[in-house]
Amino acid sequence: SNRAWWVVAVCICLIAGCAVEGRRVAITIPMADSPSEGTKVTQDGKGLRVVVSPFDDARSDQKHLGNRAHFWGSTSYFDLPKGTVGEAVAKSLVQQLSKRGWQASLAGEGGSARPDATISGTIQELSVNAVSKFGHTEITAKNNLMVRVTNHSDDSTIQERVLGSGNDDVFWFDSEDAQQLINDVIEKNITKFVADTKVEDRAIRLR
């Protein structure tokens with residue numbers, strides 16, 4: 001009996017020690033991805049030349065990506081290891097468009113060639129939060145983007161709002177669980193944007 005109580009006491013101390021108030025946990029957006037040929041989006045197979053600008057951050061809470069409420073009452077915060085949220089979303093868009101055959105690059109990194117289109121936008125919401133309860137941790141992620149496209153061939157513009165959410169429930173929480181979930185939600189939003197658009201005469205149009 002004494003041994004059992006000792007084990008319980010040690011476990012409580014270990015768990016409480018992991019829940020440091022105000023601790024910052026790095027969440028990487030986008031995650032490293034393997035190269036992919038993707039699916040070409042133009043009939044000539046050359047891909048569309050697109051420059052993506054960092055998105056404007058219009059979130060109500062711009063200080064953190066979210067937080068984890070620990071079982072013992074303390075809170076740790078999810079943050080990017082470096083850069084801004086607007087840059088992270090732009091990099092995610094470049095990554096996903098490149099996988100699909102678009103010649104996508106970040107603003108200022110695409111060389112001297114004139115792009116066919118410039119993509120920018122506004123982040124209305126981007127968050128991931130976790131709540132640790134007895135025996136499991138609930139994780140939720142949300143993303144709400146306004147994506148704007150300027151076609152340089154005719155100076156036309158389009159815009160579309162894409163939003164999505166996701167959730168996960170894990171027994172033993174790891175920061176990679178939160179990282180994977182928020183990246184999955186962003187990727188689904190980008191996939192929806194691509195599905196809702198088409199390429200005509202080297203310009204991006206809504207379907």
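Since we're looking at a predicted model, the values are computed, not measured. Only this structure's heavy atoms are used, side chains among them; waters, hydrogens and symmetry mates stay out.
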Over all atoms of both residues, closest heavy-atom pair of Leu80 and Ala88:
CD1-CB, 4.0 Å
Side-chain donor/acceptor of Asp201 to backbone N/O of Ala203, under 3.5 Å:
no
Under 3.5 Å, is there a donor-acceptor pair between the Thr122 and Arg148 side chains?
yes
Just do the side chain to side chain contact (heavy atoms under 4.5 Å, CB included) check on Phe193 and Leu145 with the steps written out, would you?
CA-CA 10 Å; Phe193 167 73; Leu145 300 174; over 6 Å; no
If you measure from the Lys or Arg side-chain nitrogens to the Asp or Glu carboxylate oxygens, is any gap between Asp61 and Lys63 under 4.0 Å?
no
Test item: Gln62 side-chain N/O and Asp57 main-chain N/O as donor-acceptor pair under 3.5 Å
yes
Separation between NZ of Lys192 and OG1 of Thr197, rounded to the nearest 0.5 Å
10.5 Å
Using 0.5 Å steps for rounding, measure from the OG atom of Ser127 to the CD1 atom of Ile27.
12.0 Å
Please assess Thr137 against Asp169 for the test side chain to side chain contact (heavy atoms under 4.5 Å, CB included), listing each intermediate value before the final yes or no.
CA-CA 6 Å; Thr137 297; Asp169 197 327; 5.9 Å; no
Aromatic rings His64 and Tyr77: how do their planes relate, parallel, tilted or perpendicular, breaks at 30° and 60°?
parallel
Answer whether the closest heavy-atom distance between the side chains of Leu93 and Ile119 falls below 4.5 Å.
yes
Approximate separation, where rounding is to 0.5 Å, of Arg161 CZ and Met146 CE:
3.5 Å
Has Ser74 got a side-chain atom pairing as donor or acceptor with His70's backbone, closer than 3.5 angstrom?
no
Using a strict cut-off of less than 4.0 Å between a Lys/Arg side-chain nitrogen and an Asp/Glu carboxylate oxygen, indicate whether Asp79 and Arg23 qualify as a salt bridge.
no
Return a table of donor-acceptor pairs under 3.5 angstrom between the side chains of residues 179-187 and protein atoms on other chains or two or more places apart.
from   : atom 1 : to     : atom 2 : distance (Å)
Gln179 : OE1    : Thr28  : N      : 2.7
Gln179 : OE1    : Thr28  : OG1    : 3.4
Gln180 : NE2    : Asp184 : OD1    : 2.8
Asn183 : OD1    : Met31  : N      : 3.4
Asn183 : ND2    : Thr28  : O      : 3.0
Asn183 : ND2    : Gln179 : O      : 2.8

Is the shortest distance from a Lys or Arg side-chain nitrogen in Arg202 or Asp116 to a carboxylate oxygen in the other one below 4.0 Å?
yes
Going by atom types alone, do Asn151 and Ser153 pair a side-chain donor with an acceptor below 3.5 Å?
no
Rounded distance [0.5 Å steps], CZ in Arg59 versus CG in Asn143:
10.0 Å
Are Phe134 and Trp72 connected in a single hydrophobic cluster, I mean Ile/Leu/Val/Met/Phe/Trp/Tyr linked by side-chain heavy atoms less than 4.5 Å apart?
yes
When rounded to the nearest 0.5 angstrom, what distance separates CD in Glu125 from OG in Ser165?
9.0 Å
How far apart are the C-alpha atoms of Trp102 and Val52, what are their side-chain angles, what is the distance that settles it, and do they pass the side chain to side chain contact (heavy atoms under 4.5 Å, CB included) test?
CA-CA 12 Å; Trp102 303 45; Val52 182; over 6 Å; no
Please check if the number of heavy atoms outside Glu176 that lie under 6.0 Å from its CD is greater than 12.
no
Partner of Val162 by side-chain contact (heavy atoms from CB on, under 4.5 Å), out of Val194, Val147, Ile190
Val147
Indicate yes or no for a side-chain donor-acceptor contact from Asp196 to the backbone of Glu160 under 3.5 Å, with no hydrogens or angles considered.
no
Exercise: identify the closest heavy-atom pair between Val51 and Pro115:
CG2-CB, 3.7 Å
Tell me if a side-chain donor or acceptor on Arg114 pairs with a main-chain N or O of His152 at a distance below 3.5 Å.
yes
Inspect the contact between Lys133 and Glu138 and indicate whether a charged nitrogen and a carboxylate oxygen are less than 4.0 angstrom apart.
yes
Closest heavy-atom pair and its distance - Gln95, Ala32
NE2-C, 4.5 Å
Using modelled atom types and a 3.5 Å cut-off, is there a donor and acceptor pairing between side-chain atoms of Glu109 and backbone atoms of Leu106?
no
Please step through side-chain hydrogen bond (donor to acceptor under 3.5 Å, both in side chains) for the pair Asn67 and Thr75, ending with a clear verdict.
CA-CA 7 Å; Asn67 64 72; Thr75 302; 5.4 Å; no
So do Ile29 and Leu65 actually touch side chain to side chain, heavy atoms under 4.5 Å?
yes
Decide whether Ser120 and Ser53 meet the rule of one side-chain donor and one side-chain acceptor closer than 3.5 Å.
no
Which value, rounded to the nearest 0.5 Å, describes the distance between Gln103 atom CD and Ser98 atom OG?
9.0 Å
Assess, by modelled atom type and distance only, whether the side chains of Asn129 and Arg68 contain a donor and an acceptor separated by less than 3.5 Å.
no
What's the shortest heavy-atom distance between Phe78 and Ala178, and which atoms?
CZ-CB, 4.3 Å
Heavy-atom pair of closest approach, residues Ala104 and Val94:
O-CG1, 3.7 Å
Are the side chain of Asp168 and the backbone N or O of Asp177 linked by a donor-acceptor pair below 3.5 Å?
no
With hydrophobic residues grouped by side-chain heavy-atom distances under 4.5 Å, do Val199 and Ile158 end up in a single group?
yes
Stepwise side chain to side chain contact (heavy atoms under 4.5 Å, CB included) test for Phe173 and Ile139:
CA-CA 9 Å; Phe173 177 81; Ile139 314 170; 3.8 Å; yes
